[in-house]
2 protein chains.
Amino acid sequence: MEQLKVKIAGEIALSSDAGNTMKKWREVFGISQIDLSEFLKISPSTISDYESNRRKSPGIAVIHRFVDAIFAIDLKKGGELVRRFAESDGSQKYFDAIDFKKSLPAKEFIKMIDGKCVANAEKLDSIDIFGVTILDSMKIILEMPYESFIKVYSTTTQRALIFTQTAAGRSPMVAVRVAPIKPAIVVMHDLDESSVDKLAVKIAESEGIPLIVTLKPIEEIKKALKDALGVSN
Amino acid sequence: MEQLKVKIAGEIALSSDAGNTMKKWREVFGISQIDLSEFLKISPSTISDYESNRRKSPGIAVIHRFVDAIFAIDLKKGGELVRRFAESDGSQKYFDAIDFKKSLPAKEFIKMIDGKCVANAEKLDSIDIFGVTILDSMKIILEMPYESFIKVYSTTTQRALIFTQTAAGRSPMVAVRVAPIKPAIVVMHDLDESSVDKLAVKIAESEGIPLIVTLKPIEEIKKALKDALGVSN
DNA sequence: CAACCCAATCGTCTTTTGCCGTATTTTGCA
DNA sequence: TGCAAAATACGGCAAAAGACGATTGGGTTG
């Protein structure tokens, strides 16, 4: 946990867009500017000032308070995020790519994984994918240093990303938003339509990326895809 | 490498003594205030002001420049440190403790490992040790978040620390200096008297810790200690 | 021991931060 | 569609940061 704080603080300090990085983490933790400002006993506009980079080089004291605050607030709310981060700390590999031999229409893909579309369904007709990548949400957010997001898209960027281990899909979607490369489709595993986070849906819509939910066990999904048309690695 | 930068930046940002943390990293990288100030095109006194915490909350711009600078300067000098850090990134375990069944006079210990004392030799007569811990220098500096230094001293603090994988012994000695708990003896492995870093010796002297060098292969050292009086774990 | 290097201290200056309060805009939703 | 909630925008002000340069204080080394 202390480790994670260091990582976040470092990311903010070295970011070329510190405000946006702070915002990203605030959103990953699901905290509004107002709640954060109340906790820190400063006005909400101050938070906004930081997130919009009005202060070009905030002091480390601010960063320190900020990081402590998002952790403390999460803890107050039950420690959901922090616990999830802690859990996904092991050393198992954290993504699994399956490349297809030929392209697959999005709608067929969704059928194969028993998925339901909750955003941008109208775009599905024009999307073909060439592979999927299955990721541990928390690991992505923890261990992806921006650039290396590229690795996720092995041969093509025309891929679906399947996020596992997510509570409501908010954090991984925020990560997708700030990442430089976008997937063709995002799938949230182990969620149904009613349990998807609203912010996640909103981000998907503004990014123009179809968002799918599925409850089908991950091993079955892997098996189905590999059997049908996969060349795994 | 980018990862390491993030870690350092985060450590500085969250440190309760940011100046000291900056100083630690500057020294680990073996850079003088003057060289750093020249690189950054600011006066040396400014560096000193930061390290003495005259500025209580330096901006992230300063931190960013600082971290970039120590890496860039190291690279100019051949990239020694950065390469070492990169190498010791694997997931092998990074320390190995051997606890003795009974105490061992320092001088006998030194004889067993074919060591030579290069600092505070006069204190050796009054030191008995109860175990040794063998550590990968770079890993220590990377992965030790201050407090957890405690783990290194399994049962007793009356231990010798043997640092492996060090170029001249500077970095691990700096780490010892800033750590809250001190070992009874420090051994630099794979170094002889002439190749020890001067700053390392100076730190040892000011800390009052005897500093030993040895060229004996690490496996032989382990074997000798375990055979004679060890209860490994 | 003078000459030098490295680091620490401090007065002083200008530029920014850090914060507020008060609009104003955007967004979600009944 | 219209209103509350959330996020932005911005002028202003006190307090700090960020920087310099002159000075002082240890060490080492010719």
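Fair warning: this is a prediction, and the values are worked out from it, not measured in the lab. Lettering of chains follows the sequences in order, A, B, ..., and the numbering in each one begins at 1.
Note on B:S43: every side-chain N or O is 4.0 Å or more away from OP1 and OP2 of D:dG21. Contact annotation: A:Y50 reaches the phosphate of C:dC19 (side-chain N/O to OP1 or OP2, under 4.0 Å). When the side-chain nitrogen and oxygen atoms of A:K23 are compared with OP1 and OP2 of D:dT8, one or more of them lie within a distance under 4.0 Å. Phosphate contact (OP1/OP2 of C:dC20, side-chain N/O of A:T46, threshold under 4.0 Å): present. At D:dA19, none of the side-chain N or O atoms of B:R55 fall inside 4.0 Å of OP1 or OP2 (strictly under the cut-off). Of the side-chain N and O atoms in A:R26, one or more sit less than 4.0 angstrom from OP1 or OP2 of D:dA7. B:K198 has a side-chain polar atom (N or O) that falls below the 4.0 Å cut-off from OP1 or OP2 of D:dT29. OP1 or OP2 of D:dA19 lies within a sub-4.0 Å distance of a side-chain N or O belonging to B:R65.
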Would A:R26 and A:L36 count as a side-chain contact (heavy atoms from CB on, under 4.5 Å) if you check the C-alpha gap in whole Å, the side-chain angles of each, and the deciding distance to 0.1 Å? CA-CA 8 Å; A:R26 177 177 61 77; A:L36 182 57; 3.8 Å; yes
Evaluate side-chain contact (heavy atoms from CB on, under 4.5 Å) for B:I212 paired with B:M188, printing each intermediate quantity in order. CA-CA 6 Å; B:I212 317 295; B:M188 297 295 168; over 6 Å; no
Could you please spell out the steps behind the side-chain contact (heavy atoms from CB on, under 4.5 Å) verdict for B:V62 and B:Y50?
CA-CA 10 Å; B:V62 172; B:Y50 285 119; 3.5 Å; yes
- Task: Could you check A:V196 against A:L211 for side-chain contact (heavy atoms from CB on, under 4.5 Å), going step by step and ending with a plain yes or no?
- Result: CA-CA 10 Å; A:V196 196; A:L211 182 60; 4.3 Å; yes
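Taking atom CD of residue B:E38 and atom P of nucleotide D:dG21, one finds them 14 Å apart after rounding to whole Å. With rounding to whole Å, A:D49 atom CG is found 9 Å from D:dA9 atom P. If you measure from atom CG of B:L199 to atom C1' of D:dG26, you get 15 Å, rounded to the nearest angstrom. The NZ-P distance, from A:K41 to C:dG18, rounds to 19 Å in whole Å. Going from atom CD1 of B:I60 over to atom P of D:dA16 covers 20 Å, rounded to whole Å. For the pair B:F66 CZ and D:dG18 C1', the interatomic distance rounds to 16 Å; values are reported in whole Å. Counting to the nearest Å, the P atom of C:dG18 and the CD1 atom of A:I63 are 8 Å from each other. Atom CD in B:E51 sits about 9 Å away from atom C1' in C:dA7, given to the nearest Å.
Distance from the side chain of B:V62 is smallest for D:dG18 among the nucleotides C:dC20, C:dG11, D:dG18. Ranking D:dC10, D:dG21, C:dC6 by closeness to the B:I34 side chain, first place goes to C:dC6. Comparing D:dA22, D:dA7, C:dC20 against the side chain of A:Q33 picks out D:dA7 as the nearest. The listed nucleotides are C:dC20, C:dT12, C:dG18; the one nearest the side chain of B:S57 is C:dG18. Checked against C:dC19, D:dA9, C:dA7, the side chain of A:R54 finds its nearest nucleotide in C:dC19. Taking only side-chain atoms of A:I42, from C-beta outward, the nucleotide of C:dT17, C:dC20, D:dC20 with the closest atom is C:dC20.
Partner of A:E51 under the side-chain hydrogen bond (donor to acceptor under 3.5 Å, both in side chains) criterion, chosen from A:Q33, A:K23, A:K24: A:Q33.
Nucleic acid contact for B:S32: sugar-phosphate only, since backbone atoms but no base atoms lie under 4.0 Å from a heavy atom of the residue. B:P44 comes within 4.0 angstrom of no nucleic acid atom, judged by non-hydrogen atoms across all strands.
There is a side-chain donor-acceptor pair under 3.5 Å between B:D192 and B:S195.
Along DNA chain C, the nucleotide closest to A:G59 and the one closest to A:S45 are compared, and the more 5′ of them pairs with A:G59.
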